[in-house]
Structure formats: structure tokens, C-alpha cells
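We use all heavy atoms of the structure for the numbers below, so side chains are in, but hydrogens, waters and symmetry mates are not. Note that the structure is predicted; figures quoted are calculated from it, not measured.
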Amino acid sequence: MSSFMPAANQNTNPNKSFEVAEPPNDSISSLSFSPKANHLVATSWDNQVRCWEIQHSGQNLASTPKGMISHDHPALCSTWKDDGATVFSGGCDKQAKMWSLATNQTMTVAVHDAPIKDMAWIPELNLLVTGSLDKTVKYWDTRQQSPAHTQQLPERCYALSVKQSLMVVGTADRNIIIFHLQQPQNELKRIVSPLKFQTRCVAAFPDQQGFLVGSIEGRVGVHHLDEQQSSKNFTFKCHREGNEIYSVNSLNFHPVHHTFATAGSDGSFNFWDKDSKQRLKAMQRCSQPIPCSTFNHDGSIYAYAVCYDWSKGAENHNPAAAKNHIFLHLPQESEVKAKPRVSTGRK
């Protein structure tokens with residue numbers, strides 16, 4: 001497996017995407033858009049959490065830095081409250097912070113015994129959920145110091161995804177644990193990932209009927225929860241170049257069309273339709289990995305980071321030469337709208 005680009009491809013921005021101003025000083029670990037407006041948040045290994053306002057008019061984009069807060073150690077994950085005015089972030093300092101953009105005040109709202117790897121806001125419960133390498137997920141009423149509930153996991157949490165009442169948690173040892181958030185203290189289901197290698201990312205279906213899982217081995221699994229729908233389950237290869245195999249780092253469903261994007265350490269992002277089992281659009285590869293990505297609230301903007309992904313460790317990272325970019329792509333309808341599969345007479 002690899003995570004280095006071919007020497008021939010030195011173009012950081014081959015898709016001619018718009019570049020966000022004043023990016024982080026180190027690799028970007030997460031991107032998340034406000035559910036209400038075009039405000040973009042990025043967390044970084046430089047310990048910072050940054051917010052930009054994105055102006056979008058037709059094919060024109062502009063970005064204005066809005067603010068920044070700091071963690072004591074690298075920040076790994078972020079999410080927004082459904083009010084669109086409050087940001088949560090977590091990371092290697094084992095804490096989650098709540099940042100009010102209106103007042104620029106921050107407070108610690110969650111604590112774990114190990115780094116917080118992923119998080120989500122649950123509007124229906126008015127709770128923050130945090131997943132940690134301490135083998136727990138915890139639910140937090142941000143007005144209380146103690147968690148509303150602590151759920152033990154079989155292994156370290158690598159990724160989680162919430163869609164209304166469905167939560168999908170991916171852990172070490174390829175465990176996928178499903179929760180129905182009306183009863184968050186009970187596991188609904190536990191399965192072994194359909195992929196043979198370590199889980200990197202998960203995404204709950206918009207209709208809550210299943211999930212996507214991406215692995216370090218350039219492969220995505222499409223899995224339905226109802227066993228009567230198991231004939232619709234499949235896996236597919238992606239983010240590969242010849243014999244080089246790259247990690248799938250990010251899975252994002254389009255909020256309108258319910259197609260999805262994958263982004264990987266090969267430096268590319270692609271748009272897919274799981275129902276017709278086809279790739280809608282393959283984008284040009286950037287010269288560095290894409291560690292994270294996200295759609296805005298109406299799917300008119302796709303944000304992705306281009307930077308070192310730390311897969312080769314510190315010895316292969318040169319901070320002085322490393323460049324960190326956040327790009328914005330405006331998806332064409334043909335790239336993200338599902339279309340009927342055209343039969344070619346072959347499987």
C-alpha cells in the first residue's frame with residue numbers, strides 16, 4: 001500500500017477549485033459546514049480550529065476568515081450544533097470544546113481518557129456524542145459536567161456517523177456497531193465490517209436504512225441493516241492506481257440527491273450512486289492526499305483538504321516544505337444527480 005503521489009503529478013489543484021484563504025499551518029484533520037449557512041470549520045494538527053464565511057454567487061466564491069480557537073494538542077474532529085451558531089471540536093487533548101461564534105466564547109463540554117476521534121450533534125436529543133480511542137462513546141448535555149450516558153465499545157472508536165435516529169460507529173478490529181438513538185444505551189446490531197482491512201470512515205444512509213464504510217485498502221462497503229435487503233449489499237474498489245492502493249479517508253452523502261462522494265490518499269475525489277452502482281464523476285488527482293471533505297447544507301459546495309495525511313509518520317513529513325490547502329468545488333448537477341444505469345450487456 002502507498003500514500004505517495006507519482007512524481008509526474010505535482011499539481012496541487014488540477015480541478016481548478018477555489019482555494020480558501022489563510023489555511024491552517026499543519027495538516028487538516030476535519031472539515032464541517034454549518035447546517036444553516038456557508039460557514040466552514042476546519043480542525044488541524046496545529047491545534048487550531050478555524051472558521052471561514054464562504055460567499056457563493058453563481059460560479060463565484062470568496063472566503064473570509066471569521067475566527068479561530070485553540071486546543072492544547074492537535075484537533076481531530078468537528079461538528080456543528082443545529083442552530084448553525086455553535087461549533088464543537090475535539091482531539092488529542094481528550095476534550096471537546098464548544099465555541100459560540102456570536103460571542104467567541106469557548107468552554108469544555110466533554111472529557112475522555114484518550115483522544116476524541118469523531119463527534120456528532122444529535123438534534124433530536126439535544127446531545128453531543130463523542131467517540132474516543134478510550135473505547136467509549138459518550139453523550140453530553142452541554143449544560144452538565146458529567147456525560148448523560150457512557151457506552152462501552154469493543155475497541156477504539158475510529159469513526160462515527162449520525163443520521164436522525166441512526167448512529168453507526170466504526171472501531172478497531174473492524175467492528176461496526178449500530179445504535180438506534182431512541183435507546184442509545186442499547187446496541188441495535190454489531191457486525192464485522194464487510195471490508196477486510198482497517199476502517200477509516202463511515203456514513204449513515206440519508207434514509208437510515210444502512211451505511212457506507214471505507215477502509216485503508218481502497219475499498220468501500222455498501223451495507224443495509226435489514227437482512228432482507230442483504231442482496232443489495234456490495235463492496236467496490238476505488239482510490240487505486242495500478243498496483244498502488246490508497247486509503248479511503250472520507251465519505252459524504254449529498255444532502256439533496258443522496259449520491260455520495262469519496263476522497264482518498266491518492267489525492268482524488270469521486271462522486272458515486274450506490275443505487276445504480278456507478279461512478280458519476282472521477283476528478284483529477286491532486287499532488288497530495290485528501291484527508292477530509294464535506295458538502296455544505298444544500299450540496300452546492302464540496303469542500304476538501306489537500307495536505308499530508310501522516311500515513312508515513314513524522315519521518316516523512318517536512319513541515320517547512322509542506323503545504324496545506326482547503327479547496328471548494330462547485331458540483332455540476334451531472335456529477336451528483338443519480339441517473340439510470342445504462343446497460344452495456346456485460347456485468
Would you check if the side chain of K138 reaches a backbone N or O of V111 as a donor-acceptor pair within less than 3.5 Å?
yes
Kindly say whether S32 contributes a backbone atom to a donor-acceptor pair with the side chain of W80 at under 3.5 angstrom?
yes
Can you see whether S268 engages Y246 through a side-chain donor-acceptor pair at a distance of less than 3.5 angstrom?
no
Check whether any side-chain N or O of S29 sits under 3.5 Å from a backbone N or O of A75 as a donor-acceptor pair, and report yes or no.
yes
My understanding is that only one of Y302, F260, F253 makes a ring-ring contact (aromatic ring centres under 6.0 Å, His included) with F271; could you say which?
Y302
Apart from W52 itself, what residues make up its hydrophobic cluster, given side-chain heavy atom links below 4.5 Å?
F18, V20, I28, L31, F33, L40, I54, L61, I301, I326, L328, L330
Heavy atoms from other residues, nucleotides or ligands near CD of Q185 exceed 12 (cutoff 6.0 Å):
yes
Taking atom NZ of K97 as the centre, does the number of heavy atoms from other residues, nucleotides or ligands within less than 6.0 Å exceed 12?
yes
I'd like to know if the side chain of H112 and the backbone of A114 have a donor-acceptor N/O pair within less than 3.5 Å.
no
Over 12 foreign heavy atoms within 6.0 Å of CD, Q284
no
May I ask you to check whether W310 and N316 show a side-chain donor-acceptor distance below 3.5 Å?
no
ring-ring contact (aromatic ring centres under 6.0 Å, His included) partner of F295, chosen from H257, H254, H258, H329:
H254
Output, in order, the C-alpha distance, side-chain angles, deciding distance and verdict of side-chain hydrogen bond (donor to acceptor under 3.5 Å, both in side chains) for Q208 and S165.
CA-CA 8 Å; Q208 305 165 64; S165 62; 2.8 Å; yes
So D113 and S132, side-chain hydrogen bond (donor to acceptor under 3.5 Å, both in side chains) or not? Walk me through it.
CA-CA 8 Å; D113 295 328; S132 170; over 6 Å; no
Between S34 and H297: side-chain donor-acceptor atoms closer than 3.5 Å:
no
Apply the test side-chain hydrogen bond (donor to acceptor under 3.5 Å, both in side chains) to residues S78 and T43: give CA-CA distance (whole Å), side-chain angles for both, the deciding distance (0.1 Å), then the verdict.
CA-CA 7 Å; S78 56; T43 57; 4.6 Å; no
Lys/Arg-Asp/Glu bridge criterion (N-O < 4.0 Å) met for E22, R50:
no
Should E217 and R200 count as an ion pair when the cut-off is N to O under 4.0 Å?
no
For a side chain to side chain donor-acceptor pair (under 3.5 Å) with H71, tell me which candidate from D46, T106, D93 qualifies.
D93
Hydrogens and angles aside, do W99 and S89 bring a side-chain donor and acceptor to less than 3.5 Å of each other?
no
ILVMFWY cluster, V129 and L181 together (side-chain gap under 4.5 Å):
yes
Are the side chain of N249 and the backbone N or O of I290 linked by a donor-acceptor pair below 3.5 Å?
yes
So, the side chain of N233 versus the backbone of H224: is there a donor-acceptor pair under 3.5 Å, distance only?
yes
Side chains of residues 147-162: which donor-acceptor pairs under 3.5 Å do they make with residues two or more places apart or in other chains?
residue: H149; atom: NE2; partner: Q151; partner atom: OE1; Å: 2.7
residue: S161; atom: OG; partner: A204; partner atom: N; Å: 2.9

Whether Q278 side chain and K339 backbone form a donor-acceptor pair below 3.5 Å
yes
Kindly compute the distance separating CG (L166) from CG (L188), expressed to the nearest 0.5 Å.
8.0 Å
Please check if the side chain of S44 supplies one atom and the backbone of D26 the other of a donor-acceptor pair under 3.5 Å.
yes
NZ of K189: more than 12 outside heavy atoms within 6.0 angstrom?
yes
Does D141 reach the main-chain N or O of R143 with its side chain, forming a donor-acceptor pair under 3.5 Å?
yes
Under 3.5 Å: donor-acceptor pair, side chain of R174, backbone of L195
yes
